[in-house]
Amino acid sequence: MPPPLPNEEQRLHPWSWLFALQQQVQQFLLPLLALLVFGSRRDDDLPYHHWISGAIVLALVATAVLQYLSYRYRIGSDALSIRSGIFERTRREIPFARIHNVVVHQNLLHRMFGVAELRLESAGGDKPEAEMRVLKLAQALELERLIRQRGSEPAATTQTDVSNDGVLLSLPLSELVRQGLISNRAMVVLVAAIGAAYQLFPRRATSDFIEEQGRHAFGYASQLQLGTLTMVASALLLLAFALVLMRLLSIGLAIVQYYGFRLSEADRRLTVERGLFTRVRSSVAQRRIQAWTLREGALHRLFKRRQLRVDIASGGQQQEQDGRALKELAPLAPPDTCDGLLQHLLPQLQWPPTQWQPVSTRGWWRLCLPALLLMGSLSTLLVYETGQVWALLPLLWLPWSALKARRQVSRIGYNIDAQRVAIRGGWWNRWWRVAELDKLQALRLDRSPLDRHFGTATLTLDTAGAAGAPALQLRFLEEAQARALMAQLEREMVRRKLRW
């Protein structure tokens, strides 16, 4: 490791202005392109658009250089001091103990220059407390180590150093292939690409293009004079080929995102590293984790795998969207491995619980009401438009919806011990949610008209990082049972000190 950073004001990397310029150019890229494209169509002799574009680029370069010259930071014994600003100068004091999450980000350009971007996040807020763009990679890792050491509890500072991180989980290539097969990320990319095409291009032109390509395809098929059976077989083969391509693309996307995935533990902090082209290293103190979620769908069970996620009271929506927030401790792992991780990180918790308390199964059909309304309306519309019997086919979905609703309600359960509350739910897609009693901030009891009819209620538990899904709530509780649980948890919340 490099030597400790001196306790004096320091500057960012000399090339940091280049990366600040890159971000600014990305923000103004579309207006600049529009100015160049539409300005070049004018018949004027004087190229005003070139002068305006040059002035904008020059202003962006000057701003980036001035930001580099005015940015200073100093590492104290218990806080990080940052001084920035050109005309309006700002000084920020960020105590190490208030930093919840540290993100070291490296894209391809960062890796070419041997630098990294450091983000410091605290509880709440849509923006990080500080974005240090950019530092030398070794300097960023050393600063991360100092924040981790000085921001941890005194009893934890004597634990293993960053160079001896205990690796809790790593994902080989075979697991990344399974992750791609299960996640089917290519479908998300395809839908996003279609949506972007409709936004960027005129809708009429996009629709005409699709219709024209469809006519060409059907015209080519009709020229071949294929029989009905051959046409159906060809369509099925084409569909199978498209599905295989989608799965291969999903595998590629999973490899790009999770390549080199490693979960490690040191100084009571968890650190996740991942990424093939863009390397992201995120670390968070274990005490900052607000809730834990285990998930498994039908494909997870087919591959005998499960997912472990956490809710953290930091990051904001921006980090959620760009994928830098630490959310996945185990993107994919065997159920025993996920259960072992949860038991290791929450040693006072008995996992899985020996017994789950059930809820009321009265009114289970409430869960299939949306499907009943949707499919009923769709069938009514199709019958009105076509008058054909096949228009009733959407109603065939209702038996499956009823079976799913019945199984979901029968599987809902909860378990409360002296330290934790655990909730489970789902059937086709199953989930388990765990939260420490010390992390609860508020309780809410809701009763809908149907709840009042069936004598049930919904109890919602709120933590500082309540952005996880599904919601941390118990549905279909008997009213007396819900009120008793609420009173029990209220007494625990009053007696305990909030830890976050």
Side-chain angles (χ1 to χ4, degrees), residues 182 291-309 311 334-336 338-339 342-343 349-376 394-417 420-435 440 443-462 466 468-489:
I182 293 173
W292 312 70
T293 306
L294 288 166
R295 303 180 69 107
E296 65 174 28
L299 288 178
H300 285 92
R301 291 193 293 276
L302 178 64
F303 286 96
K304 298 181 179 180
R305 292 296 184 269
R306 192 173 286 174
Q307 181 190 61
L308 176 60
R309 296 174 61 89
D311 300 341
D336 292 342
C338 290
D339 292 344
L342 193 58
Q343 184 69 70
L349 171 71
Q350 180 185 354
W351 189 263
T354 56
Q355 184 179 5
W356 292 93
Q357 301 296 327
V359 298
S360 174
T361 57
R362 295 197 308 272
W364 58 268
W365 48 266
R366 285 181 277 175
L367 291 181
C368 59
L369 280 179
L372 177 62
L373 295 176
L374 178 62
M375 296 304 167
L395 297 179
L396 295 178
W397 181 260
L398 296 182
W400 163 255
S401 178
L403 173 64
K404 184 179 178 182
R406 179 92 179 187
R407 294 293 181 87
Q408 279 184 318
V409 174
S410 64
R411 197 177 173 278
I412 295 176
Y414 65 94
N415 180 276
I416 300 177
D417 59 19
R420 315 282 189 272
V421 54
I423 303 173
R424 74 174 186 181
W427 169 63
W428 190 253
N429 294 312
R430 301 176 181 177
W431 54 266
W432 299 259
R433 295 270 281 165
V434 181
L440 298 182
L443 304 172
R444 189 177 78 244
L445 187 70
D446 298 313
R447 301 193 69 208
S448 66
L450 287 176
D451 279 322
R452 291 194 292 272
H453 174 73
F454 289 103
T456 58
T458 297
L459 181 61
T460 302
L461 315 179
D462 187 20
L472 194 64
Q473 63 179 201
L474 273 168
R475 302 181 64 187
F476 302 102
L477 287 171
E478 298 284 355
E479 182 184 2
Q481 185 183 17
R483 295 189 184 279
L485 283 176
M486 188 172 186
Q488 176 187 349
L489 294 175

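Just so it is clear, the values below take in all heavy atoms, side chains as well, and ignore hydrogens, waters and symmetry mates. This is a predicted model, so every value here is computed, not measured.
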If I compare all heavy atoms of [X] with all of [Y], which pair ends up nearest, and what's the gap?
X: W431; Y: R411; answer: O-NH1, 4.1 Å
X: Y414; Y: P358; answer: CE2-O, 4.1 Å
X: Q488; Y: I416; answer: NE2-CG2, 4.0 Å
X: A371; Y: S401; answer: CB-OG, 3.3 Å
X: L472; Y: A435; answer: CD2-CB, 3.7 Å

Point to revise | Stepwise side-chain contact (heavy atoms from CB on, under 4.5 Å) test for L374 and W397 | key: CA-CA 10 Å; L374 178 62; W397 181 260; over 6 Å; no
Would you check if the side chain of [X] reaches a backbone N or O of [Y] as a donor-acceptor pair within less than 3.5 Å?
X: R362; Y: E478; value: no
X: Q408; Y: G425; value: no
X: S410; Y: R406; value: yes
X: H453; Y: L450; value: no
X: D451; Y: S448; value: yes

Heavy-atom side-chain contact between [X] and [Y] under 4.5 Å:
X: H300; Y: I182; value: yes
X: L342; Y: D339; value: no
X: R430; Y: R424; value: no
X: Q350; Y: D417; value: no
X: P334; Y: R305; value: yes
X: R295; Y: C338; value: no

**Study point:** CA sep, side-chain torsions, deciding dist, call: I412, W356, side-chain contact (heavy atoms from CB on, under 4.5 Å)
**Key:** CA-CA 9 Å; I412 295 176; W356 292 93; over 6 Å; no
Exercise for review: Give the C-alpha distance, both sets of side-chain angles, the deciding distance and a yes or no for side-chain contact (heavy atoms from CB on, under 4.5 Å) between V434 and W351.
Suggested key: CA-CA 10 Å; V434 181; W351 189 263; 3.6 Å; yes
Between atom [atom1] of [X] and atom [atom2] of [Y], what is the distance when rounded to the nearest 0.5 Å?
X: L443; Y: Q473; atom1: CG; atom2: CD; answer: 12.5 Å
X: L367; Y: R407; atom1: CG; atom2: CZ; answer: 14.0 Å
X: T458; Y: L445; atom1: OG1; atom2: CG; answer: 8.0 Å
X: R366; Y: F476; atom1: CZ; atom2: CZ; answer: 4.5 Å
X: D446; Y: T456; atom1: CG; atom2: OG1; answer: 11.5 Å
X: I423; Y: L461; atom1: CD1; atom2: CG; answer: 5.0 Å

Exercise for review: Could you give me the CA-CA distance, side-chain angles and deciding distance for T293 and R433, then say whether side chain to side chain donor-acceptor pair (under 3.5 Å) is met?
Suggested key: CA-CA 5 Å; T293 306; R433 295 270 281 165; 2.6 Å; yes
Review point. Relative to each other, are the rings of W400 and W427 parallel, tilted or perpendicular (30° and 60° limits)?
Key: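 Rings of W400 and W427: tilted, as their planes differ by 30° to 60°.
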Practice item. Evaluate the criterion side-chain contact (heavy atoms from CB on, under 4.5 Å) for residue pair D462 and R444; output intermediate values, then yes/no. Key: CA-CA 8 Å; D462 187 20; R444 189 177 78 244; over 6 Å; no
Exercise for review: Please check if atom CH2 in W364 has more than 12 non-hydrogen atoms from other residues, nucleotides or ligands closer than 6.0 Å.
Suggested key: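 Buried by this count: over 12 neighbours within 6.0 Å.
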Exercise for review: Flag this pair as yes if the NZ/CZ of R306 is under 6.0 angstrom from the six-membered ring centre of W432 and inside a 45 degree cone about the axis; otherwise no.
Suggested key: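 Geometry flag: set, cation within 6.0 Å and 45°.
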